[in-house]
Amino acid sequence: MLRSARRHLLLAVAAALALSACAGGTGPATPSAAPPAATPQGPAIAGKDRVVVAWCERFGAPSPVSADGKVHVITVEALSVPDGARIARQKVTLPERGSVDALCGQPRSTTAAADRALFNADFTLIAGTAPRPGGDGLGATAFTVPGGTPVDGPKPAAAGDDSAPAFQPGTSVLWYATGDRQVTSRDLGTPGAAPTPHGAAPGVDFVLAGDQPWLRRPLESKADQVAVSPDGQVAVGTGLSLWHRTDPASSYAAEYVEPVLIGRAANGRAALPGSEHAPYCSPIGWTSDVTLFCGGDNLYLLTFSADRGRLETATALLPPAHFRRVDSAALAPDGRSLAYLASEDEHTVLYRLDLAPGAVPSVVGSIGMPPEGVVNPLTPRLIAWL
């Protein structure tokens with residue numbers, strides 16, 4: 001049985017939380033030069049005491065190259081943490097067939113690290129895919145923020161579409177899987193820099209933890225739904241499930257792994273001891289090697305044993321009067337507070353929760369989605385607390 005330990009857990013978390021996993025994982029972040037600057041269009045997104053939110057308006061603008069075509073438009077917004085005031089709003093109009101799948105594709109829960117990895121260090125680039133010259137498939141690139149101009153555009157490939165573009169934390173180094181399943185990176189801060197190969201991938205995507213690609217995941221989890229622990233040894237996928245970096249490939253296919261379930265055993269899979277009453281939720285991010293936030297019909301803090309072989313406690317953080325379906329969340333830089341988005345009626349509301357005993361969430365502000373005149377908008381994502 002799980003033990004109720006809200007007070008002790010939250011005191012420990014407030015003292016010891018680290019943002020390494022939510023900000024991008026474990027490996028060293030090699031600094032890189034700043035990318036070519038976009039034409040200034042209002043205040044910059046990056047800055048202290050801000051939260052960054054982004055959403056996509058699918059096919060929200062006419063294509064500049066075809067009479068009947070439509071293109072996606074992404075809005076990136078920076079809000080003040082103290083009062084929710086809008087500090088900056090930038091528009092990214094993608095080229096025809098260009099996409100940032102995490103924002104413009106099928107909506108799903110994603111981890112804090114994956115959301116942050118959509119952008120480079122200073123939020124002047126957003127990772128995505130665009131047609132290669134001549135229309136031969138889609139290549140990994142990044143688009144300027146604001147604007148939407150591809151930077152150091154897609155490269156030729158042997159076959160197929162590139163996939164899983166993501167920035168290495170704290171840099172402008174873009175990682176991706178090529179159409180012929182080669183894990184590759186290139187520094188967009190150095191125009192014309194040659195791609196760097198990192199070996200073959202068994203599938204079309206991977207999880208980037210620092211500068212270490214995890215090549216396998218459970219069948220039930222997408223790559224951007226996987227949270228890797230700060231020490232880089234274990235990962236948790238949506239549902240929840242847990243596996244080790246050294247676990248062998250599944251017999252089903254080389255790109256998958258058979259995880260241990262956090263919850264009741266099912267479909268021939270074992271359950272992690274102590275997790276019989278664990279909530280069904282989606283991982284947000286690790287805050288230490290043994291503590292993990294996840295979200296669903298509440299926010300939960302899960303604490304594991306030192307070897308990650310047992311679930312010790314699962315604590316619901318939102319009191320009953322404040323239950324909300326959490327869309328996305330991010331830790332404060334000091335690890336003492338959490339910001340999260342929740343949908344209410346026709347608005348998305350930004351909340352702040354201090355990680356202290358007895359704390360209740362407070363409203364920071366409303367994102368106001370869908371804005372007047374916007375058609376076909378997708379749910380906003382909370383990208384980071386800076």
Side-chain angles (χ1 to χ4, degrees), residues 10 13-14 17 19 22-23 40-57 60 73-92 102-103 107 109-113 115-116 118-119 122-124 126 145-146 284-285 287 293 295-299 317-356 358-374 377-386:
L10 294 182
V13 171
L17 284 181
L19 195 60
C22 289
Q41 297 182 24
I45 293 295
K48 187 178 180 182
D49 295 328
R50 303 178 182 185
V51 290
V52 179
V53 177
W55 65 87
C56 179
E57 182 184 353
V73 179
I74 293 172
T75 299
V76 185
E77 187 166 275
L79 303 173
S80 167
V81 173
D83 58 11
R86 183 192 301 162
I87 298 173
R89 175 180 279 189
Q90 306 285 16
K91 293 284 188 180
V92 181
L103 295 176
S109 62
T110 51
T111 66
D115 291 338
R116 182 61 184 89
L118 293 174
F119 293 85
D122 63 1
F123 289 88
T124 57
I126 183 170
V145 180
I284 294 170
T287 61
F293 276 112
D297 59 357
N298 203 318
L299 279 167
L317 300 181
L318 301 182
H322 297 270
F323 281 177
R324 295 288 186 275
R325 176 74 188 179
V326 175
D327 294 324
S328 54
L331 280 169
D334 64 5
R336 296 179 179 274
S337 300
L338 185 79
Y340 65 93
L341 295 179
S343 298
E344 297 182 14
D345 299 324
E346 293 185 348
H347 295 272
T348 296
V349 179
L350 173 65
Y351 288 90
R352 173 178 177 162
L353 176 67
D354 293 331
L355 297 175
V360 297
S362 58
V363 174
V364 177
S366 176
I367 308 302
M369 285 289 290
E372 183 178 356
V374 169
L378 297 183
T379 303
R381 305 290 311 168
L382 179 54
I383 302 299
W385 184 338
L386 304 178

Pairwise side-chain contact, [X] with [Y], heavy-atom cut-off 4.5 Å (strictly under):
| X | Y | value |
| --- | --- | --- |
| Ile45 | Val52 | yes |
| Leu103 | Ile126 | yes |
| Thr348 | Trp55 | no |
| Val81 | Leu386 | no |
| Cys56 | Val73 | no |

- Item | Pair Thr110-Arg381, side-chain donor/acceptor within less than 3.5 Å |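 Arg381 and Thr110 do have a side-chain donor-acceptor pair below 3.5 Å.
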Out of curiosity, [X] [atom1] to [Y] [atom2], how far, rounded to the nearest 0.5 Å?
| X | Y | atom1 | atom2 | result |
| --- | --- | --- | --- | --- |
| Leu338 | Phe293 | CG | CZ | 5.5 Å |
| Arg116 | Trp385 | CZ | CH2 | 15.5 Å |
| Leu318 | Tyr351 | CG | OH | 9.5 Å |
| Ile87 | Glu77 | CD1 | CD | 10.0 Å |

Where do [X] and [Y] come nearest, in terms of heavy atoms and distance?
| X | Y | result |
| --- | --- | --- |
| Leu331 | Thr287 | CD1-CG2, 3.3 Å |
| Leu382 | Ser328 | N-OG, 2.8 Å |
| Ala102 | Leu118 | CB-CD2, 3.8 Å |
| Leu341 | Pro380 | CD1-O, 3.8 Å |
| Leu79 | Leu350 | CD1-CD2, 4.0 Å |
| Ile284 | Gly295 | CD1-N, 3.8 Å |

- Decide side chain to side chain contact (heavy atoms under 4.5 Å, CB included) for Thr75 and Arg89; before the verdict, give the C-alpha distance in whole Å, the side-chain angles of both, and the deciding distance to 0.1 Å. CA-CA 7 Å; Thr75 299; Arg89 175 180 279 189; 3.7 Å; yes
- Message: My understanding is that only residues two or more places apart in sequence, or in another chain, count here; which of them pass side chain to side chain contact (heavy atoms under 4.5 Å, CB included) with Ala85?
- Response: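 Ala85: side chain to side chain contact (heavy atoms under 4.5 Å, CB included) contacts with Ser80, Asp83.
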- Item | Backbone of Thr124 reached by a side-chain donor or acceptor of Asp122 within 3.5 Å |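 Yes, because the side chain of Asp122 sits within donor-acceptor range (under 3.5 Å) of the backbone of Thr124.
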- Message: Once salt bridge (charged side-chain N to carboxylate O under 4.0 Å, His left out) is applied, do any residues pair with Arg50, and if so which ones, sequence neighbours excluded?
- Response: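 For Arg50 there are no salt bridge (charged side-chain N to carboxylate O under 4.0 Å, His left out) partners, ignoring immediate neighbours.
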- Message: Run the side chain to side chain contact (heavy atoms under 4.5 Å, CB included) test on Phe123 and Ile383 for me, step by step, so that the C-alpha distance in whole Å, both residues' side-chain angles and the decisive distance to 0.1 Å come before the verdict.
- Response: CA-CA 10 Å; Phe123 289 88; Ile383 302 299; 3.8 Å; yes
